[in-house]
Amino acid sequence: MSIPVKPFDPQSLRTDFPILDVRVHGDRQLVYLDNAASTQRPRQVIQRIRDLYERQYANVHRGIHWLSEQSTDLYEVARETSARWINARHPQEVVFTSGTTASINLVARSWGDANLGPGDEILLTLLEHHSNIVPWQQLAARTGAKVRFVPIEDDGQLRLTELNALLTERTRVVSVTAASNVLGTHVPVADIISQAHAVGAVVLVDAAQSAPHQVTDVQASGVDFLAFSGHKMLGPSGIGVLYGREELLEEMPPFLGGGSMIRRVTTDGFEPGELPEKFEAGTPPIASAVGLTAAIEYLQQIGLGAIQEYERQLAVHAHDRLSALEGVCILGPEVDKKGAIICFLIDGIHPHDAAQALDQQGIAVRAGHHCAMPLHDRLGFPATLRASFYFYNTLEEVDLLVDAIVATQRVFRRSS
Ligand code: PLP
């Protein structure tokens, strides 16, 4: 049963998110600006999961009883819904994992181990999250391949002029984020894909920060692999998608072994199952997949166009207000070259101290390296502050952030 969603209006959409009414630190209004780490869930998603557990849940693909068939149908609807969300050719090109990290590890282990050797190169960018660095470093250590990085300009945009020189016939895989989780930088993945394909490299796009905000079309972009996480787009934690072109997935050996991923097992060995089960060993994230269906349906009803337009207004307002503050420095590109993420520093206040002071005022932002240490090394700061927005945030919340920063500066000035 689906609950109708209201037309786009941030104030009324907020009423779908019970957690946004939670009071923090006694009786402070919560201003949740940590959406790049994880978004919140509307009641439609929570209700769908509840319905499953109350009326439809059993393990999938194994039973021939009624409940198992119900559950299996819902699990496969989640696959079809996810495939349509990214315009995959076939649902079997969607493998459910526990998240973006698991999806990238699957490719590095399965495709990477089978295809890379000494002297081969893996090309990443300095914008990457550790999830899109470490699995490739591990692959390089196993195979003797080398990891290289596309550098960035001072404003956090990729130095694309160097891409040509870095892409050679030795490059076997290019793995790149579509949007930086720190600076918000939009990356021209379509150009990168066509240039990488021209030298015969396979491309993985880390869509963790783009799939919740903009249209993803794997057929139009021609990408080979793409990964995203449910919890960053209103879905439950513990579910992620790995898209792979069918021809590539067919050739790849299974990564994890166990139940469900086999056709036959004997004491001598095993025969792997078909796609996509071959990559889904063990009991999959059934309830999380069903919740992901509800999350995607919710986003579809609002429309990504409306979301993007509104997030642009939030980002512009946040940029204008924060850049007008004395002692506040925004890092990253101009607002039209990035998503609704503002990365900033406050003069004389360590990001962790600032985040704690903002939290005391009800403002949830993130401080630290945001799982992007190589990027922070390049920026020259060990830690930064990050406010990241989603469509349920409001212009008033941006103003509350600004007021809280000013109050924090006042307190720190007094105590120094
Ligand atoms: N890639 C990017 C760009 C991210 O922002 C994140 C999470 O913040 C990840 C990968 C990892 O996602 P997950 O923790 O859901 O696996």
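Counting starts at 1 for both ligands and their atoms, in listed order. Here the structure is a predicted model, which means the values were calculated and not measured.
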Checklist line | Audit row: E334, K337, salt bridge (Lys or Arg N to Asp or Glu O under 4.0 Å) steps and yes/no | finding: CA-CA 6 Å; E334 290 300 308; K337 297 193 169 55; over 6 Å; no
query = Under the side-chain hydrogen bond (donor to acceptor under 3.5 Å, both in side chains) criterion, do S131 and T101 qualify, and how do the steps go?
reply = CA-CA 5 Å; S131 295; T101 305; 2.8 Å; yes
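Taking each heavy atom of K232 and A208 in turn, the nearest pair found is CD-O, 3.6 Å.
Sorted by first then second residue, the salt bridge (Lys or Arg N to Asp or Glu O under 4.0 Å) pairs that include residues 354-367, not counting sequence neighbours, are D34-R366. Sorted by first and then second residue, the side chain to side chain donor-acceptor pair (under 3.5 Å) pairs with a member in residues 242-258 read H90-E246, Q92-E246, D224-R245, R245-E247; sequence neighbours excluded.
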Dump all N/O pairs between ligand 1 and the protein below 3.5 Å as a table: atom names plus distance, one pair per row.
unit_1, atom_1, unit_2, atom_2, d
ligand 1, 1 (N), D206, OD1, 3.3
ligand 1, 1 (N), D206, OD2, 2.5
ligand 1, 5 (O), Q209, NE2, 2.7
ligand 1, 8 (O), H129, NE2, 3.4
ligand 1, 8 (O), K232, NZ, 2.5
ligand 1, 15 (O), S229, OG, 2.6
ligand 1, 15 (O), H231, NE2, 2.7
ligand 1, 16 (O), T100, N, 3.3
ligand 1, 16 (O), T101, N, 2.9
ligand 1, 16 (O), T101, OG1, 2.5

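In this view, H369 and H130 satisfy the ring-ring contact (aromatic ring centres under 6.0 Å, His included) rule, not counting sequence neighbours.
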